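Both counts, for ligands and for their atoms, begin at 1 and track the order of listing. In this text the structure is predicted, and so the values were computed from the model without any measurement. Just so it is clear, the values below take in all heavy atoms, side chains as well, and ignore hydrogens, waters and symmetry mates.
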Amino acid sequence: MSTMPITTAHYLLQAHWQTPAALRLLPAQCSWLLETDSLTARLKSRCQQFRLQMLTEQFYPLPEPLHAQLTGAGDALLREVLLYCDEQAMIYAQSWLPASTLTAIEPLARLGSQPLGEFIFRHPALQRGPIEVAELDTAQLTLPLPLTEPTLWARRSVFWLAEHPLHVVEVFMPEVYRL
Ligand SMILES: C=C(O[C@@H]1C=C(C(=O)O)C=C[C@H]1O)C(=O)O
């Protein structure tokens with residue numbers, strides 16, 4: 001089993017997550033980091049060819065720092081994807097989907113190359129917790145693409161579909177701010 005995703009996952013969990021109000025963000029950064037609608041839909045509206053690359057879908061024990069926010073101890077599906085616009089990587093997303101959420105909302109267990117957002121933003125009982133933002137050290141990220149910047153901005157939030165939670169982190173490549 002590759003250790004890459006869990007290494008990145010552990011780094012993301014310990015990053016310095018803050019409320020956006022505490023940070024001085026540029027307008028273009030604010031626009032993307034604080035987007036409340038689907039990022040997938042926004043990317044699709046800004047490019048000719050949208051592509052999702054699946055990196056990982058693997059069950060792990062839900063990391064302890066997420067127990068209180070999600071469903072306590074137990075297994076969860078770690079899903080990692082890259083979202084491309086016209087063959088340029090724009091967003092790396094890492095999501096934790098607890099087993100109980102997958103059991104209750106079965107399509108989440110077989111998304112495959114369907115973007116998570118295309119499903120959850122259509123759910124009638126979708127709710128979203130606050131968005132937190134962090135500036136990440138790219139030396140701590142093990143992604144299958146060249147990272148030229150020393151830091152990248154990321155955001156995280158918890159979504160609930162009815163009472164079933166999932167946790168999503170999105171890391172924004174610098175090219176996204178030029179879309
Ligand atoms: C949550 C959304 O779904 C996007 C797609 C994801 C996936 O397919 O795993 C994960 C996070 C998002 O970047 C969205 O579109 O906003």
Side-chain angles (χ1 to χ4, degrees), residues 2 4-6 8-9 11-13 15 17 20 28-47 49-60 62-63 66 69-70 75-99 101-102 105-134 136 141-145 147 152-162 164-179:
S2 159
M4 179 183 79
I6 207 70
T8 298
Y11 168 61
L12 293 177
L13 287 166
W17 295 101
Q29 291 167 334
C30 270
S31 172
W32 284 94
L33 287 161
L34 307 185
E35 174 63 69
T36 53
D37 287 331
S38 166
L39 285 182
T40 298
R42 184 167 173 179
L43 289 177
K44 284 189 167 184
S45 74
R46 304 289 180 96
C47 60
Q49 185 199 5
F50 173 86
R51 179 167 68 88
L52 179 147
Q53 178 187 2
M54 173 66 65
L55 300 177
T56 307
E57 273 199 330
Q58 185 103 27
F59 278 94
Y60 294 93
L62 185 69
L66 295 179
Q69 290 182 70
L70 299 184
D75 283 348
L77 184 66
L78 173 60
R79 174 180 165 95
E80 289 185 295
V81 302
L82 284 171
L83 305 182
Y84 288 83
C85 274
D86 302 327
E87 288 312 297
Q88 175 68 53
M90 294 292 170
I91 288 172
Y92 161 77
Q94 181 182 101
S95 305
W96 285 99
L97 298 95
T101 295
L102 299 177
I105 305 176
E106 195 271 337
L108 287 174
R110 46 184 172 79
L111 281 173
S113 61
Q114 178 191 11
L116 176 66
E118 281 189 357
F119 179 81
I120 64 175
F121 278 89
R122 290 184 185 138
H123 195 282
L126 177 68
Q127 290 189 301
R128 182 178 204 160
I131 291 174
E132 293 179 295
V133 175
L136 305 179
L141 295 172
T142 49
L143 304 186
L145 69 158
L147 299 177
L152 292 173
W153 284 100
R155 72 178 191 175
R156 71 177 183 180
S157 57
V158 176
F159 290 91
W160 284 273
L161 282 68
H164 305 290
L166 54 98
H167 180 270
V168 178
V169 178
E170 290 143 323
V171 181
F172 294 78
M173 302 302 136
E175 291 77 9
V176 79
Y177 304 119
R178 293 195 282 271
L179 284 180

Please answer whether the main-chain N or O of Pro130 pairs with a side-chain N or O of Ser157 as donor and acceptor at a distance below 3.5 Å. no
Which protein non-hydrogen atom lies closest to atom 9 (O) of ligand 1, naming both residue and atom, and how far is it? Arg79 NE, 2.7 Å
Does one side chain, of Glu170 or Tyr92, offer a donor that lies under 3.5 Å from an acceptor on the other? no
Give the residue and atom name of whichever protein heavy atom lies nearest to atom 10 (C) of ligand 1, and the separation in Å to one decimal. Ala93 CB, 3.5 Å
Does Leu33 offer a backbone N or O that forms a donor-acceptor pair with the side chain of Arg155 under 3.5 Å? yes
Would you tell me which option among Ile91, Val81, Thr40 has the nearest heavy-atom contact to atom 4 (C) of ligand 1? Thr40
shortest atom 6 (C) of ligand 1-to-protein heavy-atom contact is with Leu116 CB, 3.5 Å
With no hydrogens and no angle check, is any side-chain donor or acceptor of Ser38 less than 3.5 Å from a backbone partner on Thr40? yes
Under 4.0 Å from any heavy atom of Leu52, which atoms of ligand 1 are there? 8 (O)
For ligand 1, which atoms sit closer than 4.0 Å to a heavy atom of Val168? 11 (C)
With distance as the sole test, does Trp96 use its side chain to make a donor-acceptor pair with the main-chain N or O of Val169 at under 3.5 Å? no
Nearest protein heavy-atom contact for atom 13 (O) of ligand 1: which residue, which atom, what distance? Glu170 OE2, 3.0 Å
Around atom 3 (O) of ligand 1, find the nearest protein heavy atom and jot down its residue, atom name and distance. Gly117 N, 2.8 Å
N or O pair under 3.5 Å between Leu39 and ligand 1: yes
